Amino acid sequence: MKLSATFGAAERVSTDVIIISLFENTKKIPSELNALNKATGEAISSLLKNGDFTGKLNETTIIPTDKKIIPKRILLVGLGKSADFSLDKVRQAAGTATRVVQGKKFKNASILLYRMEIKGISLEDVAHSVAEGILLSLYNFTMYKTLKKEEKPSITNYSLVVQKNDVLKSIKSVVRKAEIVAEAVCFTRDIVNMAGSDATPTFLANKAKEIAKKPGVKCKTLSGPEMKKLGMNGILNVSRGSSEQPKFIILEYNTKNKSNDTVVLIGKGVTFDSGGISLKPGAGMDMMKADMSGAAAVLGAFKAISNLKPSSHIVGLIPCTENMPGSRALKPGDIIKCMSGKTVEVLNTDAEGRLILADAICYAKRYKPDAVIDIATLTGACVAALGTFASGMLGNNDELKDRIKQAGENCHERVWELPLWKEYYELIKSNIADIKNTGGKYAGTITAACFLGEFVEDYPWVHLDIAGTFLVEKDTPYIRKGASGVGVRLLIDLMQNWKKMPDASKKNKK
Ligand code: BES
Ligand code: MN
Ligand code: ZN
């Protein structure tokens, strides 16, 4: 599908359908619509007057134009109350309208961009969200369908129609950026939705190598023996029960750049989590093919970063393994020595994510990072605490947490902070080793983060628990049931807006 930006009057666009968004309870139609309204015999204003279209968020109505104007149809979509306006309403409305257009199998569509610069939101940001909403809503996972043709989107041309010629250039570049972002999100959704036996550690390593074909990106992958030399026993022990080879992926962007910060992004890459010897129950275990959602988010972010070219030096570290109960598997009660030298009593082999992340966090040190962010489907407790509308956020640095919170608001991948007070660290002390990998029945998300915190050195660090957000259970306006691709847009937004961390903010709290 070709997504473009054009300049023109609504009533003169040659298209199967012109999409027009309206706020709830619009009394007087905006002047940009006067000509179109008049030519169609007051089609829009009479619908509004009769109350047949109220403008509630995601409400839609199709109006035939009977050749009175050039567009064949008008599709009205509600934006909700203007007082509640936000970029996510824009994404939703664009996604909803696109689903209608797709459902009707129209070949082309145009969406009118006008007068949405309210609440200090720029037209560029609106256009970006419109484009995101369109592209993300068209995502469909067809890899394993044999009749792929039926699933292909009908729309071949989609245009964003602007009303001022002088903004066309900037809107065009915004649309291009949104395409890069959406492509990355869909890439991540694809690999998360894939079967565990297909999206193996080796598969992820190969995807990383593909991303590194772009100039400015390097990739190195470590396999078992190399990890052994480095003492990466967290990853190696988790992989013991599996016949799949573990991989440690290292991606690096903008290596030579020293004018901005070095940021390390770490993603949990458990390509299937059976629980290991502490086996999970059968019901719902299939979802644990997506226990590499953090890894996939970092890969997706890198894919976009290689095109958007932000100014910082960015490193991606992705420990990848299966967690299986094979005959050589790690056992409850085993003691392992992680790369940092700390010993861990493994009380539950299903708390495997923290073991592999511990090695990655330790490895991060060599880059002298200005910030480290890890993203992981780490705990069921996070789903219990926050449900599916927010990812858990814990960390040692307020400035970094603020930045991530803001990025989450910008792209509507919201995060919510949980405390990481020192009292919680007491809960993971072990009688016979330095620490244990479970912290008892309370505050599971926090004790998991404390475990990670034990491996963090003196740099700003934030952990994101996406166990509740990596998946959506039913279709939403721009996320189809299945992998959400959470984290990709958040990390991209964060890196695009990155400024050097102020020295004063580098003090970390524990
Ligand atoms: N991958 C799971 C966490 C998870 C659960 C992600 C549900 C997504 C949805 C993780 O490895 C795990 O099994 N965690 C255990 C930890 C416990 C044994 C301390 C959990 O949350 O039950
Ligand atoms: Mn587990
Ligand atoms: Zn897991």
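Start at 1 and go down the list; that is how both ligands and their atoms are numbered. Every value quoted in this text rests on a predicted model; they were computed, and no experiment measured them.
Residue contact check: Asn348 has heavy atoms under 4.0 Å from atoms 18 (C) of ligand 1. Listed by number with element, the atoms of ligand 1 under 4.0 Å from a non-hydrogen atom of Phe470 are 8 (C). Taking every non-hydrogen atom of Glu352 and a distance limit under 4.0 Å, the qualifying atoms of ligand 1 come out as 11 (O). Heavy-atom proximity to Thr438, at under 4.0 Å, picks out these atoms of ligand 1: 19 (C). Those atoms of ligand 1 with a heavy atom of Arg354 less than 4.0 angstrom away are 16 (C), 19 (C). Taking every non-hydrogen atom of Thr377 and a distance limit under 4.0 Å, the qualifying atoms of ligand 1 come out as 1 (N), 2 (C), 3 (C), 6 (C). Near Lys268, the atoms of ligand 1 lying under 4.0 angstrom from a non-hydrogen atom of the residue are 1 (N), 10 (C), 11 (O).
Nearest N/O/S atom of Glu352 with respect to the Zn ion (ligand 3) is recorded as OE2. When the N, O or S atoms of Asp273 are ranked by distance to the Mn ion (ligand 2), OD2 comes first. Within Glu352, OE1 is the N, O or S atom that lies nearest to the Mn ion (ligand 2). The atom of Asp291 nearest to the Zn ion (ligand 3) is OD2, with the search restricted to N, O or S atoms.
Few gaps surround OH on Tyr144; more than 12 heavy atoms of other groups in view lie less than 6.0 Å from it.
For Tyr158, the side-chain hydrogen bond (donor to acceptor under 3.5 Å, both in side chains) partners at least two apart in sequence or on another chain are Thr98.
Between Arg176 and Glu179 there is a salt bridge, with a side-chain nitrogen of the basic residue lying less than 4.0 Å from a carboxylate oxygen of the acidic one. Look at Lys500 and Asp370 and you find no salt bridge, because none of the NZ, NE, NH1 or NH2 atoms lies under 4.0 Å from a carboxylate O. In summary, Lys268 and Asp374 do not engage in a salt bridge, as defined by a charged side-chain N under 4.0 Å from a carboxylate O. Salt bridge Lys405/Asp402: absent, no basic N to carboxylate O contact under 4.0 Å. Remark: Glu226 does not engage Lys229 in a salt bridge, criterion side-chain N to carboxylate O under 4.0 Å.
Rounded to the nearest 0.5 Å, atoms CG (Asp465) and CG (Leu418) are 8.5 Å apart. Leu236 CG to Lys228 NZ: the interatomic distance, rounded to the nearest 0.5 Å, is 7.5 Å.
Put simply, the side chain of Gln102 gets close to the backbone of Ser154: a donor and an acceptor are under 3.5 Å apart.
The distance from the Zn ion (ligand 3) to the nearest N/O/S atom of Asp273 is under 2.8 Å. For Asp291, every N, O or S atom stays at 2.8 Å or more from the Mn ion (ligand 2). Among the atoms of Leu378, none of the N, O or S atoms falls under 2.8 Å from the Zn ion (ligand 3).
There is a side-chain donor-acceptor pair under 3.5 Å between Thr343 and Asp434. With hydrogens and angles left out, the side-chain atoms of Tyr459 and Asn397 include no donor and acceptor closer than 3.5 Å.
Contacts with ligand 1 closer than 4.0 Å are made by heavy atoms of both the backbone and the side chain of Asp350. Contacts of Leu378 with ligand 1, taken as heavy-atom pairs under 4.0 Å, involve the backbone alone.
Given atom 9 (C) of ligand 1, the protein heavy atom at minimum distance is Met288 CE, 3.6 Å. Annotation: atom 2 (C) of ligand 1 to nearest protein heavy atom, Asp273 OD2, 3.6 Å. With hydrogens left out, the protein atom closest to atom 22 (O) of ligand 1 is Gly380 N, 4.5 Å, a heavy atom.
Residue contact annotation: Lys280 has a non-hydrogen atom under 4.0 Å from ligand 1.
Between Asp291 and ligand 1, a contact under 3.5 Å exists for at least one N or O pair.
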With a cut-off of 3.5 Å and sequence neighbours excluded, list every side-chain donor-acceptor pair involving residues 297-321.
| from | atom 1 | to | atom 2 | distance (Å) |
| --- | --- | --- | --- | --- |
| Ser306 | OG | Lys303 | O | 2.7 |
| Asn307 | OD1 | Lys214 | NZ | 2.4 |
| Asn307 | ND2 | Lys303 | O | 3.3 |
| Lys309 | NZ | Ser306 | O | 3.0 |
| Ser311 | OG | Asn260 | ND2 | 2.7 |
| His313 | ND1 | Thr262 | OG1 | 2.9 |
| His313 | NE2 | Glu252 | OE2 | 2.8 |

